[in-house]
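Accompanying notes for the structure given below.
Note on naming: letters A, B, ... go to the chains in the order of the sequence lines (proteins, then strands), and numbering restarts at 1 for each one. Predicted, not measured: the structure shown is a model, and the values here were computed from it.
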There are 2 protein chains.
Amino acid sequence: MITIKDVARLAEVSISTVSRVINDSKPVSPEVRRRVLKVIEETGYKPNDVARSLVTRRSYLIGVIVNNLAQSYVADIVRGIEEIGKMYGYDILLCSSYSSKETQEKYLQLLDRKQAEGLFLVGNKFDDEIIEIARGLNKPCIYFTRDVHEHMNHISIDSNAAFYEMTNYLIKEGHKKIAYVSDFADRTSVENDKIAGYQKAIEDNELQYSKMYVVGGNKHNRAYELGKTIAKDASEFTAVVCSNDEIAIGVMNSFFDNGIKVPDDVSVVGFGNIREGKFVRPELTTIGEPYYDVGAVGMRMLIKMIKGDKTPQGLMELPFTIEKRKSVKTIG
Amino acid sequence: MITIKDVARLAEVSISTVSRVINDSKPVSPEVRRRVLKVIEETGYKPNDVARSLVTRRSYLIGVIVNNLAQSYVADIVRGIEEIGKMYGYDILLCSSYSSKETQEKYLQLLDRKQAEGLFLVGNKFDDEIIEIARGLNKPCIYFTRDVHEHMNHISIDSNAAFYEMTNYLIKEGHKKIAYVSDFADRTSVENDKIAGYQKAIEDNELQYSKMYVVGGNKHNRAYELGKTIAKDASEFTAVVCSNDEIAIGVMNSFFDNGIKVPDDVSVVGFGNIREGKFVRPELTTIGEPYYDVGAVGMRMLIKMIKGDKTPQGLMELPFTIEKRKSVKTIG
DNA sequence: CTGAAAGCGCTTACAG
DNA sequence: CTGAAAGCGCTTACAG
């Protein structure tokens, strides 16, 4: 391995001078600069970032802890983080925890030891204990989740408004009997927001009907199973609003297999705009969160915080979109 | 920031001793060990991995360059890499290049400066020039791609055998007229393997019919467009073998929108077993590559190489599976 | 079992 | 504009 010392020796200058030309940190005479550059070129010397990091106390490493990279929205957020990071010279240390608290804690410690300058937690649920450990690290930290926590910088969309708007859209399309499918029995604050948005739309339009189902898990499979039950009630409503796209697709597939046609018999809408929603037939109408932007905006916030700006605390809300596709039918 | 020096001072020992108890590298008397541990506990001291890395010349960092993290198979491979890495204490520096040669090169340099101990390139296509730069880094490197390169450690499945077996499966189900949809006009060696496997099955069964389409791109959209053309010929065959799942789903969707029923009118099969294949209706019958294993096996190879084992060179083949689902019909 | 010292590859006052 | 020296936070022979 060739070091700054070798370059200095070969160029017949001090290592200070080599450092200066590498970093462009202080004036160096053209002649000397040329000599150093030539040696660097010839030897293929590359500065060792570990050594540099030790003295500058900068790692330019951002730790990203995700629950499951395979979820498409997670990949999109990570992409946003990464692209903005790249613009500012930050790199990503990726950690997938698969929702294991133990793994999350291990990674948090690791990121600390590796001198990560900032942290992202990306996923639906992080235990309060993990949040506390993360805070204890005393690093800039941003929390991407659908469940809001206090004391944390947080990026999200206004779920209440989103579900209000989506439900209103269904009503405008002529639907009067609209059911709702929730994810868990023990609701997160975000889920409560969603339900409240849905209910407000029902009430504002003076509709009577509103039926609620609970999946009791976020696996596609659970929604599929529940879908069989919902299918039996299908004559009671013309549309169903689902807490998220995974559920919506599970329900749609269950309908398909039980002879209920979407959207002819029942319209289905979701939330999240996951990639799969465009692959299923009919294509799923859903609420789009700007995941890439969530990552990008979060990264900008984080970089600001790393630079010492204390201002961007608290919650940041991004705009949502209603992705109108084929799973909703206009009723006469 | 609290350092090893602080701990040493507080515990009234030398920093050497502190280092020894942290790393369990040399015997330390129980009494002294207890004292040191107590101080560590009280101060919350955590070793600085950057400093440690500088002296040990170990970073325990593995650079992973992917083209697109949003592809589900990439996420699965990364998962395999990460989980095995975690077992051996290696961490992942994630770099998404989105197929940009410039970005790939930049990341390669970066990973070198960060002292990454090994490299993964994950994606369909990497330019030869990039491969050369990667090799020039002189680090253990593993290449995950569907296009085989010489001089590189490579993990894949036997595409030829996979397509042979899949086509035979269709024939056994009674299909006699089977078309093939290829991805690009300028074929990769893997694509040639696939086509050869398909053709061999046709020939071995003394079937006459074999029609070939070329998508000319790997976007779902392109396959959808081509699907319209294929739909017009639909009476000429009863099954179509697609080069990959993205194409298969594009074709299926095009069939759906053009009134061709899958599998009743035409059976469709793909390759890759991407997540979306289980979400579409009918569920896609496809060839499964064990992506998680690809990542895991690759990581084991890489770690071996890092440890100085020179043996695991060249190509490694993993078993494939035929995922029989709903997009194939048995013909009388 | 323990400590003093050298050194990993850099950056950065400081002095000239 | 340039160099000698100190130091970042550790590990590891070496000596005792």
Interatomic distance where [atom1] belongs to [X] and [atom2] belongs to [N] [whole Å]:
X      : N       : atom1 : atom2 : result
D24(B) : dT12(D) : CG    : P     : 13 Å
I40(A) : dG9(C)  : CD1   : P     : 16 Å
R35(B) : dT2(C)  : CZ    : P     : 8 Å
R52(A) : dG9(D)  : CZ    : P     : 18 Å
I2(A)  : dG9(C)  : CD1   : P     : 11 Å
L54(B) : dT11(C) : CG    : C1'   : 13 Å
N48(B) : dG9(C)  : CG    : C1'   : 14 Å
I4(B)  : dG7(C)  : CD1   : P     : 19 Å

Checklist entry - DNA chain C: I22(A) or R33(B), which has the more 5' nearest nucleotide? => result R33(B)
Does [N] have its OP1 or OP2 closer than 4.0 Å to a side-chain nitrogen or oxygen of [X]?
X      : N       : value
N23(A) : dT11(C) : yes
K5(A)  : dC8(C)  : yes
R57(A) : dC8(D)  : no
R20(B) : dG3(C)  : no
T17(B) : dG3(C)  : yes
S16(A) : dG3(D)  : no
S19(A) : dT11(C) : yes
T3(A)  : dG9(C)  : no

Item to check | N23(B) side chain to R20(B) backbone, donor-acceptor under 3.5 Å | outcome: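 Side chain of N23(B) to backbone of R20(B), a donor-acceptor pair under 3.5 Å: no, none is there.
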Item to check | Side chain to side chain, I81(A) and I77(A), heavy atoms closer than 4.5 Å | outcome: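 Result yes, sub-4.5 Å side-chain heavy-atom pair found.
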Next on the checklist: Just so I know, are the side chains of L111(B) and I65(B) near enough to count as touching, which here means a heavy-atom distance under 4.5 Å?
Outcome noted: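 Of all side-chain heavy-atom pairs linking I65(B) with L111(B), at least one is under 4.5 Å.
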From [options], pick the nucleotide closest to the side chain of [X]?
X      : options                  : answer
I15(A) : dC10(C), dC10(D), dT2(D) : dC10(C)
V55(A) : dC14(C), dC10(D), dG9(C) : dG9(C)
V32(B) : dC8(D), dT11(C), dT2(C)  : dT2(C)

Checklist entry - P atom, dG9(C) versus dA13(C): distance in rounded Å? => result 23 Å
Take atom [atom1] of [X] as the centre, draw a 6.0 Å sphere, and report whether it contains more than 12 heavy atoms from other residues, nucleotides or ligands.
X       : atom1 : value
E317(B) : CD    : yes
Q109(A) : CD    : yes
E42(B)  : CD    : yes

Checklist entry - What is the pairing partner of dA4(C), taking Watson-Crick or G-U wobble pairs with both distances under 3.5 Å in any strand? => result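 Partner of dA4(C): none found under 3.5 Å.
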Checklist entry - For dA13(C), which nucleotide is its Watson-Crick or G-U wobble mate, given both distances must be under 3.5 Å? => result none
Next on the checklist: Does V13(A) reach a base, just sugar-phosphate, or nothing at all? Heavy atoms under 4.0 Å.
Outcome noted: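 If one applies the 4.0 Å heavy-atom cut-off, V13(A) turns out to touch the sugar-phosphate alone, with no base involved.
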Checklist entry - DNA chain D: T56(A) or P27(A), which has the more 5' nearest nucleotide? => result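 Final value for this comparison: P27(A).
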